**Student:** 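Right, I'll just put the structure down here and ask away after.
In listed order, ligands and their atoms are each counted from 1. Every value quoted in this text rests on a predicted model; they were computed, and no experiment measured them. We're numbering straight along the sequence, starting at 1.
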Amino acid sequence: MSEHANQSSGWQLEQSASEAYEQYLVPPIFDPWAERLIETSGVHEGDHVLDVACGTGIVARRVAPRVSTYGAVTGIDINEGMIAVATESASDIEPSIEWRQGDATELPFPDERFDVVYCQQALQFFDDPGAALEEMQRVLRPGGHASLNVWRPLEYHPAYVTLADALERHIGDEAGDIMRSPFPSWNAEDLRTRIQDAGFDDVSVTIEIGSVRYPSIEAFVRREAASSPLAERIAAVGRDVRNELVHGLEDALHHYTDDEGIVSPMESYVVTAGRSL
Ligand SMILES: C[S@@+](CC[C@H](N)C(=O)[O-])C[C@H]1O[C@@H](n2cnc3c(N)ncnc32)[C@H](O)[C@@H]1O
């Protein structure tokens, strides 16, 4: 099909959402936040660690050298596509990582199996976050701890406020909702209460401020779309609508545009919570 005949040219799915997530979102967003999460977690050589809702496995991959071959790393995610990309991208990592497909609210592990449990930017997606936290607590050994991060509410991520509003206007309500879904309305106390209610002690919540960069507004929209359920919705509208979407965003985000593209603050709660002895 020629470029002209193809109304969706360049906006169609050329790879799976999991592959796009690994290629486009992990390097600028999830990899730096994984490093921060691991840094605050105080993990040791020999530890047995679990990465809950591991996605393509960036936390598991980054923590593996820290625990060394004396330790062990397991990653679990409900999405088969994510686990497939995780498996492929970790093929040369030592110690080798065990990848499992499964639900965070029913972890297929015995009680007290792990020293450290990680959960990066996923609690907000679980149908029952309380049940998932109870499961994380159950599989931790007494004296072990969980390290989680959860985005602060949408208003602390200016580029995403603007993108979600533009998607709602140009593509539809559902598209706006999808873009808002990673950013729960929880404040620090909501999060602390949820974690304490699951049985954790010594809960520490800090606010960490980072940023994300994309080479252009168009790349921002394309990469976010390709890595999420938005891809098909955006590909389905006409080229004129997509152009309006991108040009509208270029105007709305000009104050976050520089010689290297666009940059936006991103803020996250970073939580450490212990299981008492
Ligand atoms: C934003 S991604 C974060 C992935 C990964 N932690 C990272 O840092 O790249 C959220 C992940 O949560 C997973 N997820 C959602 N609900 C889940 C559940 N009930 N059990 C396990 N994983 C789940 C999704 O499949 C997705 O991979």
**Student:** Give a yes or no on whether a salt bridge exists between R141 and D47, defined as a side-chain N under 4.0 angstrom from a carboxylate O.
**Tutor:**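 The answer is no: the pair does not qualify as a salt bridge.
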
**Student:** Determine, for D197 against R194, whether the closest basic-nitrogen to carboxylate-oxygen distance falls under 4.0 angstrom.
**Tutor:**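 Not counted as a salt bridge, because no side-chain N and carboxylate O are separated by less than 4.0 Å.
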
**Student:** Would Q120 count as being in polar contact with ligand 1, using the rule that some N or O on each side must be under 3.5 angstrom apart?
**Tutor:**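 Such a contact does occur with ligand 1.
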
**Student:** Does R275 use its side chain to pair, donor to acceptor, with the backbone of L140 at less than 3.5 Å?
**Tutor:**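 Indeed, once roles are kept as given, a pair shorter than 3.5 Å links the two residues.
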
**Student:** Please list, in number order, the atoms of ligand 1 under 4.0 Å from a heavy atom of D103.
**Tutor:**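 Reading through ligand 1 atom by atom, the close ones are 18 (C), 19 (N), 20 (N).
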
**Student:** For A34, which part has a heavy atom under 4.0 Å from ligand 1: side chain, backbone, both, or neither?
**Tutor:**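 No part of A34 is near ligand 1 at this cut-off.
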
**Student:** Mark up the atoms of ligand 1 that fall under 4.0 Å of a heavy atom belonging to Q121, in ascending order.
**Tutor:**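 Those of ligand 1 that fall under 4.0 Å from Q121 are 1 (C), 2 (S), 3 (C), 10 (C).
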
**Student:** Would you check whether V59 has a nitrogen or oxygen atom less than 3.5 angstrom from a nitrogen or oxygen atom of ligand 1?
**Tutor:**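 Checking ligand 1 against V59, no N or O pair falls under 3.5 Å apart.
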
**Student:** Between R61 and D92, does at least one N-O distance fall below 4.0 Å, as a salt bridge requires?
**Tutor:**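 No.
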
**Student:** Within the structure, does I78 bring an N/O atom to less than 3.5 angstrom of an N/O atom in ligand 1?
**Tutor:**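 Yes; the residue has a nitrogen or oxygen that sits under 3.5 Å from a nitrogen or oxygen of the ligand.
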
**Student:** In the protein, what heavy atom is nearest to atom 12 (O) of ligand 1, and what distance, to one decimal place, separates them?
**Tutor:**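 The closest heavy atom on the protein side is A53 CB, 3.5 Å.
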
**Student:** Go through the steps to decide whether Y256 and T162 satisfy the test side chain to side chain contact (heavy atoms under 4.5 Å, CB included), and finish with yes or no.
**Tutor:** CA-CA 11 Å; Y256 280 117; T162 312; over 6 Å; no

**Student:** Does the N or O separation between F126 and ligand 1 drop below 3.5 Å for any pair?
**Tutor:**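 In this structure, F126 places no N or O atom under 3.5 Å from an N or O of ligand 1.
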
**Student:** M82 heavy atoms, cut-off 4.0 Å: which ligand 1 atoms fall inside?
**Tutor:**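 Going through ligand 1 atom by atom, the ones under 4.0 Å from M82 are 27 (O).
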
**Student:** Could you verify whether a donor N or O on one side chain and an acceptor N or O on the other, from D201 and S276, lie under 3.5 Å apart?
**Tutor:**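 Yes, a side-chain donor-acceptor pair sits under 3.5 Å.
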
**Student:** Quick one: does any side-chain atom of D190 pair with a main-chain N or O of N187 as donor and acceptor, under 3.5 Å?
**Tutor:**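 Such a contact is found between D190 side chain and N187 backbone.
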
**Student:** Are any of the side-chain nitrogens in E39 or R66 under 4.0 Å away from the carboxylate oxygens of its partner?
**Tutor:**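 Yes, this pair counts.
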
**Student:** Look at atom 20 (N) of ligand 1 and say which protein heavy atom is nearest, naming residue and atom and giving the distance to 0.1 Å.
**Tutor:**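 Going atom by atom, the protein heavy atom closest to atom 20 (N) of ligand 1 ends up being A104 N, 2.8 Å.
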
**Student:** Which atoms of ligand 1 have any heavy atom of F125 under 4.0 Å away?
**Tutor:**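 Result: 1 (C), 10 (C).
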
**Student:** Counting only heavy atoms closer than 4.0 Å, does ligand 1 sit against the backbone of Y21, its side chain, both, or neither?
**Tutor:**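 The answer is the side chain of Y21.
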
**Student:** Heavy-atom contacts with G102 under 4.0 Å: which atoms of ligand 1 show up? List them by number with element.
**Tutor:**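 Result: 20 (N), 21 (C).
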
**Student:** Non-hydrogen atoms of D77 versus ligand 1: any pair closer than 4.0 Å?
**Tutor:**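 In this structure, D77 qualifies as a contact of ligand 1 - some heavy atom is under 4.0 Å.
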
**Student:** Would D51 count as being in polar contact with ligand 1, using the rule that some N or O on each side must be under 3.5 angstrom apart?
**Tutor:**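 Not met; the criterion fails.
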
**Student:** Show the atoms of ligand 1 that are less than 4.0 angstrom away from any heavy atom in N79.
**Tutor:**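 Every atom of ligand 1 under 4.0 Å from some heavy atom of N79: 25 (O).
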
**Student:** Counting each atom of ligand 1 from 1 as listed, which ones have a heavy atom of A122 under 4.0 Å away?
**Tutor:**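 Atoms satisfying the 4.0 Å criterion: 12 (O).
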
**Student:** Do T56 and ligand 1 have an N or O pair less than 3.5 Å apart?
**Tutor:**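 Looking only at distances, the answer is no, because the N/O contact criterion of under 3.5 Å is not met.
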
**Student:** Checking R213 side chain against P28 main chain: does a donor-acceptor pair fall under 3.5 Å?
**Tutor:**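 Pair absent, no side-chain N/O of R213 close to backbone of P28.
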
**Student:** Got a second to check how far R169's CZ is from E244's CD, nearest 0.5 Å?
**Tutor:**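 Here the rounded value is 10.5 Å.
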
**Student:** Quick one: pull up CD in Q120 and CD1 in I29 and give me the separation to the nearest 0.5 Å.
**Tutor:**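 It is 10.0 Å, given to the nearest 0.5 Å.
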
